[in-house]
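Quick note: residue numbers are just sequence positions, from 1. Both backbone and side-chain heavy atoms feed into the values below; hydrogens, waters and symmetry mates do not.
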Amino acid sequence: MSKILVVFGATGLQGGSVASYVLQDAQLSKEYKVRAVTRDPSQPAAQDLKNKGAEVVKGDMTDRDSIKHAVQGAHTVFGVNLVYDNEVRSKEVTQGKVMADEAVAAGAQYFIFSTSQNTGKISGGKYTGIDHFEAKAEVEEYIRTLPIKSAFFAPGGYMENFASLLAPRPVGDGTYTISNIVSPQTKQPLIAVASDSGKYVGAILAEPDKYEGKIFYAATSVTSFEEIAETLSKATGKTIKYNQVPEEVFRGMLPPSIATRYMKMFLFFQDFGYYGPQTEELVAWTSKNVRGKLTTLEEFLAENPLKL
(Lines give C-alpha, C1' and ligand atoms only; values in the text may rest on other atoms or scores of the structure.)
Protein backbone atom coordinates (compact mmCIF):
# COMPACT_ATOMS: atom_id res chain seq x y z
CA MET A 1 0.00 0.00 0.00
CA SER A 2 1.32 3.44 -0.94
CA LYS A 3 2.49 5.74 1.83
CA ILE A 4 0.71 9.09 2.10
CA LEU A 5 2.96 12.04 1.31
CA VAL A 6 1.41 15.29 2.50
CA VAL A 7 2.66 18.32 0.57
CA PHE A 8 1.91 21.71 2.08
CA GLY A 9 1.94 24.71 -0.25
CA ALA A 10 1.16 22.33 -3.09
CA THR A 11 0.16 25.07 -5.52
CA GLY A 12 3.22 27.21 -4.74
CA LEU A 13 6.62 27.03 -6.41
CA GLN A 14 8.26 24.62 -3.98
CA GLY A 15 5.31 22.46 -3.03
CA GLY A 16 4.01 22.34 -6.58
CA SER A 17 7.37 21.13 -7.82
CA VAL A 18 7.54 18.43 -5.13
CA ALA A 19 4.00 17.19 -5.77
CA SER A 20 4.40 17.14 -9.55
CA TYR A 21 7.78 15.42 -9.40
CA VAL A 22 6.51 12.58 -7.22
CA LEU A 23 3.38 12.14 -9.33
CA GLN A 24 5.39 11.72 -12.54
CA ASP A 25 8.31 9.70 -11.17
CA ALA A 26 8.06 5.99 -11.98
CA GLN A 27 9.41 4.81 -8.62
CA LEU A 28 8.10 7.47 -6.23
CA SER A 29 4.58 7.49 -7.69
CA LYS A 30 4.26 3.83 -6.71
CA GLU A 31 5.74 4.33 -3.27
CA TYR A 32 3.84 7.48 -2.30
CA LYS A 33 0.28 8.73 -2.65
CA VAL A 34 0.36 12.53 -2.87
CA ARG A 35 -2.00 14.56 -0.72
CA ALA A 36 -1.76 18.15 -1.92
CA VAL A 37 -2.68 20.80 0.64
CA THR A 38 -3.82 24.21 -0.57
CA ARG A 39 -5.96 27.07 0.69
CA ASP A 40 -8.11 26.90 -2.45
CA PRO A 41 -8.70 23.42 -3.91
CA SER A 42 -10.76 24.91 -6.73
CA GLN A 43 -7.89 26.90 -8.27
CA PRO A 44 -6.48 25.63 -11.60
CA ALA A 45 -3.11 24.57 -10.14
CA ALA A 46 -4.89 22.40 -7.57
CA GLN A 47 -7.16 20.88 -10.18
CA ASP A 48 -4.13 20.12 -12.34
CA LEU A 49 -2.59 18.15 -9.47
CA LYS A 50 -5.87 16.34 -8.97
CA ASN A 51 -5.95 15.40 -12.64
CA LYS A 52 -2.41 14.01 -12.29
CA GLY A 53 -3.56 11.73 -9.47
CA ALA A 54 -3.15 13.73 -6.28
CA GLU A 55 -5.69 13.91 -3.48
CA VAL A 56 -6.34 17.64 -2.98
CA VAL A 57 -7.43 18.93 0.43
CA LYS A 58 -8.07 22.36 1.87
CA GLY A 59 -5.57 23.58 4.43
CA ASP A 60 -4.67 26.96 5.87
CA MET A 61 -1.60 27.65 8.01
CA THR A 62 -3.68 29.96 10.21
CA ASP A 63 -6.19 27.18 10.94
CA ARG A 64 -4.72 24.46 13.14
CA ASP A 65 -7.71 22.17 12.69
CA SER A 66 -7.22 22.17 8.93
CA ILE A 67 -3.55 21.23 9.39
CA LYS A 68 -4.54 18.46 11.78
CA HIS A 69 -6.99 17.14 9.20
CA ALA A 70 -4.46 17.39 6.35
CA VAL A 71 -1.84 15.19 8.04
CA GLN A 72 -4.13 12.37 9.21
CA GLY A 73 -2.69 9.05 8.10
CA ALA A 74 0.46 10.65 6.71
CA HIS A 75 3.71 8.74 6.48
CA THR A 76 5.82 11.67 5.27
CA VAL A 77 5.18 15.42 5.31
CA PHE A 78 6.81 18.12 3.19
CA GLY A 79 6.40 21.44 4.94
CA VAL A 80 6.99 24.87 3.48
CA ASN A 81 5.87 28.07 5.14
CA LEU A 82 6.22 31.49 3.54
CA VAL A 83 4.92 34.69 5.17
CA TYR A 84 5.38 38.03 3.43
CA ASP A 85 4.16 40.61 5.98
CA ASN A 86 5.89 42.35 8.89
CA GLU A 87 5.03 39.50 11.26
CA VAL A 88 7.07 36.98 9.29
CA ARG A 89 9.17 35.84 12.29
CA SER A 90 6.34 35.14 14.71
CA LYS A 91 3.96 33.70 12.11
CA GLU A 92 6.47 31.42 10.38
CA VAL A 93 7.78 30.05 13.68
CA THR A 94 4.31 29.45 15.09
CA GLN A 95 2.92 27.92 11.92
CA GLY A 96 6.02 25.82 11.27
CA LYS A 97 5.91 24.35 14.76
CA VAL A 98 2.20 23.60 14.41
CA MET A 99 2.86 21.71 11.16
CA ALA A 100 5.56 19.65 12.85
CA ASP A 101 3.58 19.04 16.04
CA GLU A 102 0.51 17.88 14.14
CA ALA A 103 2.63 15.59 11.97
CA VAL A 104 4.04 13.95 15.09
CA ALA A 105 0.59 13.72 16.70
CA ALA A 106 -0.76 12.03 13.57
CA GLY A 107 1.96 9.40 13.71
CA ALA A 108 3.90 10.55 10.64
CA GLN A 109 7.34 8.96 10.40
CA TYR A 110 9.26 11.55 8.40
CA PHE A 111 9.22 15.34 8.02
CA ILE A 112 10.98 17.22 5.23
CA PHE A 113 11.08 20.95 5.96
CA SER A 114 11.98 23.84 3.69
CA THR A 115 14.56 25.62 5.81
CA SER A 116 17.04 28.44 5.68
CA GLN A 117 20.22 29.47 7.42
CA ASN A 118 20.60 31.11 10.83
CA THR A 119 22.21 34.32 9.63
CA GLY A 120 22.68 35.72 13.13
CA LYS A 121 24.58 32.64 14.26
CA ILE A 122 26.72 32.35 11.12
CA SER A 123 27.64 36.06 11.24
CA GLY A 124 28.42 36.05 14.95
CA GLY A 125 25.55 38.43 15.61
CA LYS A 126 26.42 40.95 12.87
CA TYR A 127 23.36 40.24 10.75
CA THR A 128 20.27 39.61 12.84
CA GLY A 129 16.67 40.42 12.04
CA ILE A 130 16.69 38.66 8.67
CA ASP A 131 13.42 37.18 9.82
CA HIS A 132 12.44 35.13 6.77
CA PHE A 133 15.71 33.18 7.15
CA GLU A 134 15.98 33.01 10.92
CA ALA A 135 12.36 31.91 11.40
CA LYS A 136 12.90 28.84 9.22
CA ALA A 137 16.18 28.06 10.98
CA GLU A 138 14.37 28.21 14.33
CA VAL A 139 11.69 25.81 13.10
CA GLU A 140 14.39 23.46 11.79
CA GLU A 141 16.06 23.42 15.22
CA TYR A 142 12.69 22.64 16.80
CA ILE A 143 11.92 19.79 14.39
CA ARG A 144 15.27 18.20 15.23
CA THR A 145 14.11 17.87 18.87
CA LEU A 146 10.91 15.99 17.97
CA PRO A 147 10.37 12.21 17.89
CA ILE A 148 10.24 12.08 14.09
CA LYS A 149 12.85 11.47 11.42
CA SER A 150 13.62 14.57 9.39
CA ALA A 151 15.62 16.07 6.54
CA PHE A 152 15.79 19.59 5.18
CA PHE A 153 15.61 21.40 1.85
CA ALA A 154 17.35 24.82 1.73
CA PRO A 155 16.74 26.50 -1.63
CA GLY A 156 19.10 29.14 -2.97
CA GLY A 157 18.06 32.33 -4.70
CA TYR A 158 15.18 31.86 -7.10
CA MET A 159 15.97 32.27 -10.78
CA GLU A 160 12.33 33.32 -11.03
CA ASN A 161 13.23 36.56 -9.20
CA PHE A 162 14.96 37.89 -12.31
CA ALA A 163 11.50 38.35 -13.79
CA SER A 164 10.25 40.26 -10.73
CA LEU A 165 12.10 41.69 -7.74
CA LEU A 166 15.56 41.47 -9.34
CA ALA A 167 14.48 42.16 -12.93
CA PRO A 168 16.80 44.26 -15.13
CA ARG A 169 15.73 47.90 -15.23
CA PRO A 170 16.06 50.20 -18.26
CA VAL A 171 18.69 52.92 -18.03
CA GLY A 172 17.08 55.02 -20.74
CA ASP A 173 19.63 54.54 -23.51
CA GLY A 174 18.54 51.07 -24.59
CA THR A 175 20.65 49.30 -21.99
CA TYR A 176 19.65 47.74 -18.67
CA THR A 177 21.06 47.16 -15.22
CA ILE A 178 20.49 44.82 -12.34
CA SER A 179 21.24 46.80 -9.21
CA ASN A 180 22.09 45.78 -5.70
CA ILE A 181 23.95 47.00 -2.64
CA VAL A 182 26.65 44.33 -2.79
CA SER A 183 29.91 44.04 -4.75
CA PRO A 184 29.81 42.64 -8.29
CA GLN A 185 31.77 39.60 -7.10
CA THR A 186 29.19 38.63 -4.48
CA LYS A 187 27.99 35.13 -5.28
CA GLN A 188 24.50 33.71 -5.03
CA PRO A 189 23.46 30.07 -5.39
CA LEU A 190 20.66 29.90 -7.96
CA ILE A 191 17.80 27.44 -8.26
CA ALA A 192 14.98 27.12 -10.78
CA VAL A 193 12.68 26.49 -7.86
CA ALA A 194 9.50 25.64 -9.78
CA SER A 195 11.14 22.97 -11.91
CA ASP A 196 13.90 21.65 -9.65
CA SER A 197 12.66 21.60 -6.03
CA GLY A 198 11.14 18.18 -6.57
CA LYS A 199 14.46 16.78 -7.78
CA TYR A 200 16.04 17.51 -4.41
CA VAL A 201 13.12 16.44 -2.24
CA GLY A 202 12.65 13.42 -4.50
CA ALA A 203 16.16 12.26 -3.63
CA ILE A 204 15.27 12.37 0.08
CA LEU A 205 12.00 10.53 -0.54
CA ALA A 206 13.81 7.82 -2.51
CA GLU A 207 16.38 7.20 0.26
CA PRO A 208 15.01 8.72 3.47
CA ASP A 209 17.28 6.81 5.84
CA LYS A 210 20.39 7.88 3.92
CA TYR A 211 19.51 11.55 4.22
CA GLU A 212 18.01 11.64 7.71
CA GLY A 213 19.24 14.76 9.48
CA LYS A 214 20.88 16.13 6.32
CA ILE A 215 20.30 19.50 4.64
CA PHE A 216 20.10 19.75 0.87
CA TYR A 217 21.67 23.09 -0.12
CA ALA A 218 19.73 23.43 -3.32
CA ALA A 219 21.25 25.31 -6.23
CA THR A 220 22.46 24.54 -9.74
CA SER A 221 25.39 26.94 -9.48
CA VAL A 222 26.97 29.60 -7.28
CA THR A 223 27.24 32.65 -9.50
CA SER A 224 28.40 36.23 -9.01
CA PHE A 225 26.09 39.14 -9.76
CA GLU A 226 28.54 40.22 -12.45
CA GLU A 227 28.30 36.80 -14.12
CA ILE A 228 24.51 36.82 -13.75
CA ALA A 229 24.33 40.11 -15.65
CA GLU A 230 26.49 38.65 -18.45
CA THR A 231 24.22 35.60 -18.70
CA LEU A 232 21.10 37.78 -18.82
CA SER A 233 22.71 39.84 -21.60
CA LYS A 234 23.46 36.78 -23.71
CA ALA A 235 19.97 35.38 -23.18
CA THR A 236 18.10 38.56 -24.06
CA GLY A 237 20.40 40.08 -26.67
CA LYS A 238 20.31 43.29 -24.62
CA THR A 239 23.16 45.04 -22.84
CA ILE A 240 22.68 44.31 -19.15
CA LYS A 241 25.28 45.33 -16.61
CA TYR A 242 25.54 44.90 -12.86
CA ASN A 243 25.33 48.16 -10.93
CA GLN A 244 26.36 48.40 -7.29
CA VAL A 245 24.34 51.20 -5.70
CA PRO A 246 24.47 53.04 -2.35
CA GLU A 247 22.31 51.91 0.54
CA GLU A 248 19.74 54.71 0.19
CA VAL A 249 19.26 54.00 -3.52
CA PHE A 250 18.80 50.26 -3.01
CA ARG A 251 16.38 50.85 -0.15
CA GLY A 252 14.25 52.97 -2.44
CA MET A 253 14.07 50.13 -4.96
CA LEU A 254 12.47 47.75 -2.46
CA PRO A 255 9.00 47.63 -0.94
CA PRO A 256 9.22 49.45 2.42
CA SER A 257 7.95 46.41 4.35
CA ILE A 258 10.97 44.30 3.37
CA ALA A 259 13.67 46.89 2.63
CA THR A 260 15.69 46.64 5.86
CA ARG A 261 15.83 42.88 6.12
CA TYR A 262 16.53 42.40 2.42
CA MET A 263 19.42 44.86 2.61
CA LYS A 264 20.83 42.93 5.58
CA MET A 265 20.26 39.69 3.69
CA PHE A 266 22.31 40.71 0.66
CA LEU A 267 25.09 42.15 2.85
CA PHE A 268 25.17 38.84 4.70
CA PHE A 269 25.60 37.05 1.36
CA GLN A 270 28.49 39.38 0.52
CA ASP A 271 30.28 39.08 3.86
CA PHE A 272 29.65 35.46 4.81
CA GLY A 273 28.27 33.58 1.79
CA TYR A 274 24.66 32.54 1.18
CA TYR A 275 24.94 29.37 3.27
CA GLY A 276 28.01 30.59 5.16
CA PRO A 277 31.74 30.30 4.36
CA GLN A 278 31.39 26.79 2.88
CA THR A 279 28.58 27.65 0.48
CA GLU A 280 30.26 26.28 -2.65
CA GLU A 281 31.23 23.00 -0.98
CA LEU A 282 27.74 22.49 0.44
CA VAL A 283 26.12 23.13 -2.95
CA ALA A 284 28.60 20.77 -4.64
CA TRP A 285 27.77 17.95 -2.20
CA THR A 286 24.05 18.46 -2.73
CA SER A 287 24.37 18.48 -6.51
CA LYS A 288 26.03 15.06 -6.36
CA ASN A 289 23.06 13.65 -4.47
CA VAL A 290 20.17 15.23 -6.37
CA ARG A 291 17.75 13.15 -8.42
CA GLY A 292 17.71 14.26 -12.05
CA LYS A 293 19.38 16.96 -14.14
CA LEU A 294 19.31 20.46 -12.70
CA THR A 295 18.28 23.53 -14.69
CA THR A 296 21.03 26.03 -15.51
CA LEU A 297 20.35 29.77 -15.58
CA GLU A 298 20.83 29.69 -19.36
CA GLU A 299 18.23 26.93 -19.71
CA PHE A 300 15.84 28.71 -17.38
CA LEU A 301 16.05 31.92 -19.41
CA ALA A 302 15.53 30.02 -22.65
CA GLU A 303 12.36 28.44 -21.24
CA ASN A 304 11.21 31.64 -19.49
CA PRO A 305 12.36 34.59 -21.64
CA LEU A 306 12.61 37.93 -19.86
CA LYS A 307 10.25 40.55 -21.21
CA LEU A 308 12.38 43.68 -21.52
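- Looking only at distances, no side-chain donor or acceptor of Asn161 sits under 3.5 Å from a matching main-chain atom of Ser164.
- Although no hydrogens or angles enter the test, the distance criterion places a donor-acceptor pair under 3.5 Å between the side chain of Glu134 and the main chain of Gly120.
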- Message: Phe133 vs Tyr274, test: side-chain contact (heavy atoms from CB on, under 4.5 Å). Steps then yes/no.
- Response: CA-CA 11 Å; Phe133 277 30; Tyr274 191 96; 3.9 Å; yes
- Message: Between Gln109 and Thr76, is the side-chain hydrogen bond (donor to acceptor under 3.5 Å, both in side chains) condition met? List the steps.
- Response: CA-CA 6 Å; Gln109 297 182 34; Thr76 301; over 6 Å; no
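- For Lys126, the salt bridge (charged side-chain N to carboxylate O under 4.0 Å, His left out) partners two or more places apart in sequence, or in a different chain, are Asp271.
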- Message: Go through it in stages, so that I can follow the logic: the residues are Lys293 and Glu299, the test is salt bridge (Lys or Arg N to Asp or Glu O under 4.0 Å), and I'd like the CA-CA distance, side-chain angles, deciding distance and then a yes or no.
- Response: CA-CA 11 Å; Lys293 182 187 179 301; Glu299 289 167 344; 2.9 Å; yes
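- Considering all non-hydrogen atoms of both residues, Ala103 and Val77 come closest at CB-CG2, 4.0 Å.
- Sorted by first then second residue, the ring-ring contact (aromatic ring centres under 6.0 Å, His included) pairs that include residues 1-58, not counting sequence neighbours, number zero.
- The shortest distance between side-chain heavy atoms of Pro168 and Lys238 does not fall below 4.5 Å.
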- Task: I would like to know whether Glu230 and Lys241 meet salt bridge (Lys or Arg N to Asp or Glu O under 4.0 Å); could you show each step before the answer?
- Result: CA-CA 7 Å; Glu230 292 174 2; Lys241 294 182 178 180; over 6 Å; no
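- Checked against side-chain contact (heavy atoms from CB on, under 4.5 Å), Pro184 has the following partners two or more places apart in sequence or in another chain: Glu226, Tyr242, Gln244.
- Taking OG from Ser150 and NZ from Lys214, the interatomic distance works out to 11.0 Å, rounded to the nearest 0.5 Å.
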- Report the C-alpha distance between Lys91 and Met61 in whole Å, list the side-chain angles of each, state the deciding distance to 0.1 Å, and finish with yes or no for side-chain contact (heavy atoms from CB on, under 4.5 Å). CA-CA 9 Å; Lys91 287 182 178 178; Met61 291 297 176; over 6 Å; no
- Message: Apply side-chain hydrogen bond (donor to acceptor under 3.5 Å, both in side chains) to residues Gln95 and Arg64 and explain how you reach the verdict.
- Response: CA-CA 8 Å; Gln95 293 170 12; Arg64 184 164 191 150; over 6 Å; no
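- Ala100 approaches Ile143 most closely through the heavy-atom pair CB-CG1, 3.9 Å.
- For the pair Ser2 (side chain) and Lys30 (backbone), a donor-acceptor distance under 3.5 Å is present.
- Here the CD1 atom belonging to Ile240 is positioned 9.5 Å from the OG1 atom belonging to Thr175, to the nearest 0.5 angstrom.
- When all heavy atoms are compared, the tightest approach of Ala218 to Tyr275 is N-OH, 3.5 Å.
- A heavy-atom distance below 4.5 Å is not found between the side chains of Arg291 and Ile204.
- In this structure, OG1 on Thr231 lies 5.0 Å from CG on Leu297, to the nearest 0.5 angstrom.
- More than 12 heavy atoms of other shown residues, nucleotides or ligands fall within 6.0 angstrom of atom NE2 in His75.
- For Pro255 against Leu165, the heavy-atom pair with the smallest separation is CD-CD1, 4.3 Å.
- With rounding to the nearest 0.5 Å, the separation of CG in Leu166 from CG in Asn180 is 7.0 Å.
- Side-chain polar atoms of Arg35 and Gln72 form no donor-acceptor pair below 3.5 angstrom.
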- Message: Run the side-chain contact (heavy atoms from CB on, under 4.5 Å) test on Val34 and Leu49 for me, step by step, so that the C-alpha distance in whole Å, both residues' side-chain angles and the decisive distance to 0.1 Å come before the verdict.
- Response: CA-CA 9 Å; Val34 174; Leu49 289 173; over 6 Å; no
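- Ser42 and Gln47 share no donor-acceptor pair across their side chains, judged by distance under 3.5 Å alone.
- Separation of the Phe153 and Phe216 ring centroids does not fall under the 6.0 Å cut-off.
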- Might you work through the salt bridge (Lys or Arg N to Asp or Glu O under 4.0 Å) test for Asp40 and Lys58, ending with a clear yes or no? CA-CA 6 Å; Asp40 180 9; Lys58 183 178 175 62; over 6 Å; no
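- Under the side-chain contact (heavy atoms from CB on, under 4.5 Å) criterion, Val18 pairs with Val7, Phe78, Val201, sequence neighbours left out.
- Taking all atoms of both residues into account, the shortest heavy-atom contact from Ser17 to Ser197 is OG-N, 3.3 Å.
- For Thr220, the side-chain contact (heavy atoms from CB on, under 4.5 Å) partners are Met159, Asp196, Leu294, Thr296, not counting sequence neighbours.
- For the pair Lys264 and Tyr127, the cation-pi test (distance below 6.0 Å, angle within 45°) is failed.
- Tested against Thr115, the residues Glu140, Glu141, Glu138 include a single side chain to side chain contact (heavy atoms under 4.5 Å, CB included) partner, Glu140.
- Residues Thr62 and Asp60 bring a donor and an acceptor atom of their side chains to less than 3.5 Å of each other.
- Distance check: Ile258 CD1 to His132 NE2 gives 7.5 Å after rounding to the nearest 0.5 Å.
- Under the 4.5 Å side-chain heavy-atom criterion for Ile, Leu, Val, Met, Phe, Trp and Tyr, Val245 and Val171 are members of distinct hydrophobic clusters.
- Summarising the local packing, NZ of Lys288 is surrounded by 12 or fewer heavy atoms from other residues, nucleotides or ligands at distances under 6.0 Å.
- Phe266 and Phe269 have perpendicular rings, their planes meeting at more than 60° on a 0 to 90° scale where under 30° would count as parallel.
- Remark: the Ser224 side chain and the Glu227 side chain contain an N/O donor-acceptor pair separated by less than 3.5 Å.
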- Item | Step-by-step side-chain contact (heavy atoms from CB on, under 4.5 Å) determination, Tyr262 to Arg251 | CA-CA 9 Å; Tyr262 270 65; Arg251 180 181 291 275; over 6 Å; no
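- Arg39 pairs by the salt bridge (charged side-chain N to carboxylate O under 4.0 Å, His left out) definition with nothing, not counting sequence neighbours.
- Within a 6.0 Å sphere centred on NZ of Lys149, heavy atoms belonging to other residues, nucleotides or ligands number 12 at most.
- Heavy atoms only, all atoms of each residue included: Glu31 and Leu205 are closest at OE2-O, 4.3 Å.
- When only modelled atom types and interatomic distance are considered, Tyr158 and Gln14 share a side-chain donor-acceptor pair under 3.5 Å.
- Interatomic distance, CZ of Phe225 versus CD1 of Ile181, reported as 11.5 Å (0.5 Å rounding).
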